[in-house]
Colleague: 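The structure under discussion is supplied below as structure tokens; questions concerning it will follow.
The model shown is predicted, which means the values in this text are computed figures rather than measured ones. In what follows, every chain begins at residue 1, and chains take the letters A, B, ... in the order their sequences are listed.
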Amino acid sequence: MHRTHNCGELTIKNTSEKVTVAGWVQRIRNLGGLTFIDLRDRYGITQLAFNMEVNPELCEKARELGREFVIKAHGTVTERSSKNLNIPTGEIEIIVDNFQILNKSLIPPFTIEENTDGGDELRMKYRYLDLRRPPLRKNLILRHKLAFETRNYLNNCDFLEIETPVLIKSTPEGARDYVVPSRISPGEFYALPQSPQSFKQLLMISGFDKYFQIVKCFRDEDLRADRQPEFTQIDCEMSFVEQDDVLNTFEGLIKYLFKEVKNIELNEFPRMAYSEAMAKYGSDKPDIRFGMQFVELNDVLKGKGFQVFDNAEYIAGICAEGCANYSRKQLDALTDFVRKPQIGAKGMVYIKYNEDGSVRSSVDKFYTEDDLKKVAEKFNAKAGDLILILSGETDHTRKALCELRLEMGNQLGLRNHDVYAPLWVVDFPLLEWNEEDKRFYAKHHPFTSPHIADIDLMDTNPAEVRANAYDMVINGVEVGGGSIRIHDKQMQNKVFELLGISNEEAEEKFGFLLKALQYGAPPHGGIAFGFDRICSLFGGSESIRDFIAFPKNNNARDVMIDSPSPISDEQLKELNLKIIANK
RNA sequence: GGUUCGGUAGUUCAGUUUGGUUAGAAUACGUGCCUGUCACGCACGGGGUCGCGGGUUCGAGUCCCGUCCGGACCGCCA
């Protein structure tokens, strides 16, 4: 008795066919004379029916089954006398004439249903059971589809999928590396790749022209809902291209995925300079599903005797449409929100443009109604709108105002999961000053090429140099980023110089790449997408964990297999390692 | 490294503010009844080291200190 059908495909059309199905017992409903079993597999649920009058022996046997037992059943597809139109197979049932227990099950620690009663930790520990639930099953099927269609699109564009090594070399800058001790070379370590960056550049030098790889990457940093220590990138690189070529090719990929997987047609992605994104949204990954752009107010609010503003480097606000009726309590809650340590604003000023045309603010002492109306004009505010203003040091204030804008977007329901607003953020700065170390770091990575127009600035004002670097942002999520690389050794050396990387260090860490650049490296550039984030975005969720079959928890632990874990003294000895500190 | 929320039945939670009888609910589990259920229904039943350690008290799930574990976030993540 071989399986002839899955549990999702039998319908009224199969009536009176003899079939064999297999799966897990989802639920047993024992009505006395009748017993029903919902049999579940990856494809769906099919009802098995047992009748005490027809076959009492088999019916008794069915009643001994437990949840999650694995069985195989043979019987006849029959139209139900009372139908369940909520499921595709709901018009039929299988009148079972014979079944077999393939395996028993312990009672599962949580219910395996659409909405489980299990908590996060328990579900992680029994991930293989959680994955039986429809929501997670759908997520992994979605992931498969996205990976499949990505390969489809890139293959049609002549990209080759080429694997790069996982045991590689630790690199300076960037995230912490995961390292692997070498047994054969005592005292030496491999590093796991944070990305296949160097290798894909080498493949361009090898002449492969268009490369991609759906590949695991590793970063030893603290986790978030959207950050795992091992994650998957769609890593891509192209030769003989300029920025526009890369942007167009991969805008095409994302549009293709939306069309194929969600049947959504996206318009051309707007391109926004980094400086504009920071000025209007206070973020390099703006959520442009809604407006509420920043308006800078230094010119209208300074010099009226309000010390906080007079002493502020930067004053800016947002206008929340129709919120002038916010109560004192709501405004206090917003003030508390921006004063949370994670956001760190000192306070918040509001201006209410009331329905009756009057203007009231939390700083009426210092500003006349005319002053405040001038502010309202800057926002093109209408009667009924609420203006929220923060001030202080520019970067901090922008960040806080960005959080406030997103919070208001949430409160006003402007961040709908079913709406997708993609854009390119371009013209990132090449370098980023680090006050602690008193040196520049690469904003993207040290192989990113500078704007040709800004090359003179590299000597005079490095902080102002723009890079040929770009991010794709959808709904405030950075889904991908890349750059046109440096393909010239002199330029690469110059950038290392700006980054304070000595010749010796550069030679030690990237000697292979610097050497390769001298053997006819073509101009090239590329992009890497966070595949897990793309999956969660398509699935309408904030957390990438629900789209990874076996994710790690907040402390980078796999609680199911209980890893990381100590290794034996023999293993340590073989690796020439000694543990000097335990927690 | 920091902020914050949480840990009570197999599970999800209430109870902690204001210390006081035998720690409850739902669900899951077990037994019985039930011929059209599909979250079946009804009845009965078993099930607890209140995370752990210490302290205050006549008395601690409840208050204090410490610690462990988990979630979200900040720092960090080229």
Colleague: Using only heavy-atom distances, decide whether a donor-acceptor pair under 3.5 angstrom links the side-chain of Gln342(A) to the base of rG75(B).
Modeller: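 Side chain to base: no pair present.
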Colleague: Let me know, please, whether Glu403(A) or Phe110(A) comes out on the 5' side of the other along RNA chain B by nearest nucleotide.
Modeller: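 Result of the comparison: Phe110(A).
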Colleague: At under 4.0 Å, does any side-chain N or O of Asn555(A) touch on OP1 or OP2 of rC69(B)?
Modeller: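 No.
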Colleague: What pairs with Leu58(A) under side-chain contact (heavy atoms from CB on, under 4.5 Å), at least two apart in sequence or on another chain?
Modeller: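 Leu58(A) satisfies side-chain contact (heavy atoms from CB on, under 4.5 Å) with Phe50(A), Asn55(A), Val96(A), Phe99(A) once adjacent residues are dropped.
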Colleague: Roughly, in whole Å, what's the span from CZ in Arg339(A) to P in rU4(B)?
Modeller: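 Whole-Å distance recorded here is 15 Å.
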Colleague: Classify Leu122(A) by what it touches in the nucleic acid, base, sugar-phosphate, or nothing, heavy-atom distance under 4.0 Å.
Modeller: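 Contact class for Leu122(A): sugar-phosphate only.
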Colleague: Report, one line per pair, each donor and acceptor closer than 3.5 Å where one atom sits in a side chain of residues 472-485 of chain A; sequence neighbours left out.
Modeller:
unit_1    : atom_1 : unit_2    : atom_2 : d
Asn475(A) : OD1    : Ala421(A) : N      : 2.8
Asn475(A) : ND2    : Val419(A) : O      : 2.8
Ser483(A) : OG     : Thr448(A) : OG1    : 3.3
Ser483(A) : OG     : Arg485(A) : NH1    : 2.7
Arg485(A) : NE     : Glu237(A) : OE1    : 3.3
Arg485(A) : NE     : Glu237(A) : OE2    : 2.8
Arg485(A) : NE     : Ser483(A) : O      : 3.4
Arg485(A) : NH1    : His445(A) : NE2    : 3.2
Arg485(A) : NH1    : Ser483(A) : O      : 3.4
Arg485(A) : NH2    : Glu237(A) : OE1    : 2.7

Colleague: Say you pick atom C1' in rU21(B) and the same atom in rG66(B); how far apart are they, in whole Å?
Modeller: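 Going atom to atom, C1' in each nucleotide, I get 32 Å.
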Colleague: Can you tell me if Ser81(A) touches the phosphate of rG36(B), counting only side-chain N or O atoms and a distance under 4.0 Å to OP1 or OP2?
Modeller: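 Checking Ser81(A) against rG36(B): no side-chain N or O falls below 4.0 Å of OP1 or OP2.
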Colleague: What is the distance, rounded to the nearest whole Å, between atom CG of Leu106(A) and atom P of rG30(B)?
Modeller: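 Result: 13 Å.
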Colleague: Regarding Lys125(A), tell me which of base, sugar-phosphate or nothing describes its non-hydrogen contacts under 4.0 Å with the strands shown.
Modeller: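 Contact class for Lys125(A): none.
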Colleague: Name the pairs: protein N/O against N/O of nucleotides 39-41 of chain B, kept only if under 3.5 Å.
Modeller:
unit_1  : atom_1 : unit_2   : atom_2 : d
rA39(B) : O3'    : Arg27(A) : NH1    : 3.4
rC40(B) : OP1    : Arg27(A) : NH1    : 2.9
rC40(B) : OP2    : Arg27(A) : NE     : 2.9
rC40(B) : OP2    : Arg29(A) : NH1    : 3.0
rC40(B) : N4     : Asn30(A) : O      : 2.6

Colleague: Look at all strands and tell whether Arg67(A) reaches a base, only sugar-phosphate, or nothing, counting heavy atoms closer than 4.0 Å.
Modeller: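 The answer is sugar-phosphate, as Arg67(A) gets under 4.0 Å only of primed atoms, P, OP1 or OP2.
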Colleague: Can you measure Asn115(A) atom CG to rA28(B) atom C1' for me and round it to whole angstrom units?
Modeller: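 After rounding, the gap between these two atoms is 16 Å.
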Colleague: Checking all strands, does Phe36(A) fall into the base, sugar-phosphate, or nothing category for heavy-atom contacts under 4.0 angstrom?
Modeller: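 Since a base atom lies under 4.0 Å of Phe36(A), the category is base.
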Colleague: Among residues two or more places apart or on two chains, list those pairs meeting ring pair (Phe, Tyr, Trp, His ring centres under 6.0 Å) that have a residue in residues 53-77 of chain A.
Modeller: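 Found none.
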Colleague: With sequence neighbours left out, write down each residue that passes side-chain contact (heavy atoms from CB on, under 4.5 Å) with Pro109(A), or none if nothing qualifies.
Modeller: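 Partners of Pro109(A) by the side-chain contact (heavy atoms from CB on, under 4.5 Å) criterion, ordered by chain and then number, come out as Leu122(A), Tyr126(A), Leu129(A).
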Colleague: Looking for any heavy atom pair under 4.0 Å, which part of the strands does Lys443(A) touch: base, sugar-phosphate only, or nothing?
Modeller: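 It contacts sugar-phosphate atoms only.
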Colleague: Does Thr35(A) reach a base, just sugar-phosphate, or nothing at all? Heavy atoms under 4.0 Å.
Modeller: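 Nothing, no nucleic acid heavy atom in range.
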Colleague: If you look at every strand shown and take non-hydrogen atoms under 4.0 Å, does Ala49(A) touch a base, only sugar-phosphate, or nothing?
Modeller: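 Nothing, no nucleic acid heavy atom in range.
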Colleague: Quick one: side chain to side chain donor-acceptor pair (under 3.5 Å) partners of Asn410(A), sequence neighbours excluded?
Modeller: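 Applying side chain to side chain donor-acceptor pair (under 3.5 Å) to Asn410(A) gives Arg415(A).
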